[in-house]
Amino acid sequence: MTLGQMNLHADFARVIDAALGALETAGTLPGGLNRGAVTCEPPRDPSHGDLSTNAAMVLAKPAGTNPRALAAVLVAELEKEPRVVSAEIAGPGFINLRLTDDSWRGELALIATAGADYGRSDMGGGKVVNVEYVSANPTGPMHMGHCRGAVVGDALADLLAYSGHKVIKEYYVNDAGAQVDVLARSVHIRYLEALGRDVGAIPEGLYPGDYLVPVGQALAAEFGDKYADAPEADWLITFRTKAVAAMMDMIRDDLATLGIRHDLFSSEAQLQASGKVDEAESWLRAHDLVYDGVLEAPKGKTLEDWEAVELPLFRSTRFGDDQDRPIKKSNGAWTYFGADLAYHFQKAQNADALVDIWGADHAGTVKRIKAAVAALTSADGGTAKPFEVKLVQMVQLLRDGEPVKMSKRSGNFVTLSDVVDEVGKDVVRFTMLTRKPDAQMDFDFAKVVEASKDNPVFYVQYAHARICRNIRKGADEGFVPSSENLSLLGEEELALVKLAAQFPRMVEAAAVAREPHRIAFFLHDLASAFHSFYNLGNDRPEKRFIVAQDPVMSGARLFLAQQIGQVIKNGLALLGVEAASEL
RNA sequence: GCGCCCGUAGCUCAGCAGGAUAGAGCACCAGAUUCCUAAUCUGGGGGCCAUGGGUUCGAAUCCCGUCGGGCGCGCCA
């Protein structure tokens, strides 16, 4: 049995499929029906049963019968499954299944056996997926604008790994564009300052942030006044390299406060130096995907300095873009797109699939890069390498309801580490993960700081801590979690198990949809169900986890609590949030 | 003008690759701890799922139009 099969929901999807197969063999159903739309999931209303399938409804038409008639024969087939207590037809043709209590008790035991692996699956089949995220320009510390993509990308990468993919977490360092020259000049000012020169105000157009002060000091310590009066050409490259390295150290530290650690940092400058970009261009030219041409003036805005110049253009209009895109500038340097194209080609050679996490402000470039990657990776006439761009919408930063304008140029921004220091990693991560990534969100700094005690993350963590505390208390009284007498667990307890048992399918669905936020919502639901059950013990002492004078019942209940805690812990781990045993 | 994303309760958001009576948190109201920490629980009010069509057994969900909001539309990155 593989990991992907070891849970009840996956099992019953197969039971239903087998039942349909039996009907085909018997001639009741025509062969070759597409069962892709058949579902097997818990009904929204638990009173309808444990599992529900729409098989009769989606197959009735192609089978030339009506839903309820098909449901009747399918029910007869499903009732042969020993774990099925009842199979009922409901509404327009749903089939609702009730399973034996023992099958749920078995699932509970399975959670204990699987432990940290409960929910893990082999769905990905070991395929290598490269997830590129953050990739902020190395010109300053991480700010809140980067935060969402960082958290979503990291959680998605972990989710894919947990679902049976081999994941490479990658950061693309844009250390080759004009912005790093600006950085080098900004650092040179700080270098002069460190040497005691009067530099006055930081000139317009350079980065004014204080974070460059120590970089200037380090350069002064290393080089003395060697470059103080030297022409820019003498120091630009050296300063650029040193400054980028310093910025990347800072960024790595910032990411570490969120628990984010990339496997691979790829340098744009190194990529260009290696000749990979030229190779990509040659290949594209040979395949008539790059040609020399002249662009039309941009629409929708007027540019005084617009000039028509011949440039090497990528035929992105063939792939739905509204304009062909230059891969080189008139000065011969690569455009961002030109280098990016080669970069993706290189990534594709080392992975079975690519996922990029981008900010929504880059949405306009998705078509061209997807087109380029599709063209490059199907070079040998094969199928193109799967490549998805996941857009993470903007976070509107507010302070007491007032928008905070952020600009690195002006030095006015809310840094990531400020926020993490203030509210903590878990709150930041959970907040970013409790909404779907393709909707905009507001992040009111003051509000989040103030309301951090009410953050849903504590609700979930509290459930876990509560469980740990009870297990400790049980141990103090000599009660140990035990799976010996799970038959003592009744309807209310099994309702908890049924919810927890959905974790594996939630993980798979979240991985397929690339939506880690589903895990966060599931955990909230599970914590809520747990807190509810826990409070039953207020009025009904016999429902407590620790029942005085009853080690057998206490053992079974504590076992239940332990497994619920395990599932919460597994889910939190996926989100990169701590599952503390004390709050 | 064009492209992408969004529009669900007073507010912030879910709604599981179309499914049964649209949910949660916050806020508001009313309750529950001699008993495992109340960082919890129970109950209540509150929604023409922006809007108009279409697809089908069935639509908040898919398609088209309209309105409203965001982002983008340079040889920038």
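In what follows, chains are A, B, ... by sequence order, proteins preceding strands, each numbered from 1. Side chains included, hydrogens not; waters and symmetry mates left out as well; all remaining heavy atoms used.
- Going from the P atom of B:A50 to that of B:C28 covers 28 Å, rounded to whole Å.
- Figure legend: A:Arg466 and A:Tyr534 shown as a cation-pi pair, the cationic atom lying under 6.0 angstrom from the six-membered ring centre and within 45 degrees of its axis.
- Residue A:His531 contributes atom NE2, which lies 7 Å from atom P of B:U40 at whole-angstrom precision.
- With C1' as the reference atom, B:U61 and B:C16 are 11 Å apart, rounded to whole Å.
- Distance noted for atom C1' between B:G3 and B:G44: 47 Å (whole Å).
- Taking atom C1' in both B:U55 and B:C62, the straight-line distance is 8 Å, to the nearest Å.
- When the nearest nucleotides of RNA chain B are assigned to A:Ala90 and A:His524 by heavy-atom distance, the more 5′-ward of the two goes with A:Ala90.
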What nitrogen or oxygen pairs link the protein and nucleotides 5-9 of chain B at under 3.5 Å?
unit_1 : atom_1 : unit_2   : atom_2 : d
B:C5   : O2'    : A:Gln393 : NE2    : 3.4
B:C5   : O2'    : A:Asp438 : O      : 2.6

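- Atom pair A:His517:NE2 and B:G25:P shows a separation of 18 Å (rounding to whole Å applied).
- One distance of note links CD of A:Glu268 with CG of A:Asn137; it measures 9.0 Å at 0.5 Å rounding.
- Side-chain N/O atoms of A:Tyr459 include one lying less than 4.0 angstrom from OP1 or OP2 on B:C41.
- Atom CG of A:Leu295 is separated from atom P of B:C73 by 15 Å (rounded to the nearest Å).
- Under the 30°/60° scheme for interplanar angles, the aromatic rings of A:Phe521 and A:His517 are found to stand perpendicular.
- In terms of position along RNA chain B, the nucleotide closest to A:Arg44 lies nearer the 5' end than the nucleotide closest to the other residue of the pair A:Arg44 and A:Arg325.
- Residue A:Asp361 is in sugar-phosphate contact alone, with no base atom involved, counting any heavy-atom pair closer than 4.0 Å across all strands shown.
- Centroid-to-centroid, the aromatic rings of A:Tyr459 and A:Phe530 stay 6.0 Å apart or farther.
- Separation of the C1' atoms belonging to B:G47 and B:A9 is 5 Å when rounded to the nearest angstrom.
- Stacking between A:Phe94 and B:A20 is shown: the ring centroid lies under 5.5 Å from the centre of the six-membered base ring, and the planes differ by under 30°.
- The interatomic distance linking A:Asn331 (CG) with B:A77 (P) rounds to 9 Å, in whole Å.
- Annotation: side chain of A:Leu575 is not in contact with side chain of A:Arg429 (no heavy-atom distance under 4.5 Å).
- Distance A:Asp175 CG to B:A77 P: 13 Å, rounded to the nearest Å.
- Cation-pi geometry between A:Arg285 and A:Tyr291 is not met: the NZ or CZ atom fails to fall both under 6.0 Å from the ring centre and inside 45° of the normal.
- A donor-acceptor pair under 3.5 Å links the side-chain atoms of A:Asn34 to the main chain of A:Gly36, judged by distance alone.
- At whole-Å resolution of the value, CG in A:Asp340 and C1' in B:A77 are 10 Å apart.
- The aromatic ring of A:His362 stacks onto the base of B:A77, its centre lying under 5.5 Å from the centre of the six-membered base ring with the two planes under 30° apart.
- For the residue pair A:Ser135 and A:Asn174, no side-chain donor N or O sits within less than 3.5 Å of a side-chain acceptor on the partner.
- The ring of A:His48 lies on top of the base of B:A20, close enough and flat enough: under 5.5 Å between centres, under 30° between planes.
- Between A:Ile519 atom CD1 and B:A14 atom P there is a gap of 15 Å when expressed in whole angstrom units.
- Between the C1' atom of B:A20 and the CD atom of A:Glu41 lies a distance of 12 Å, rounded to the nearest Å.
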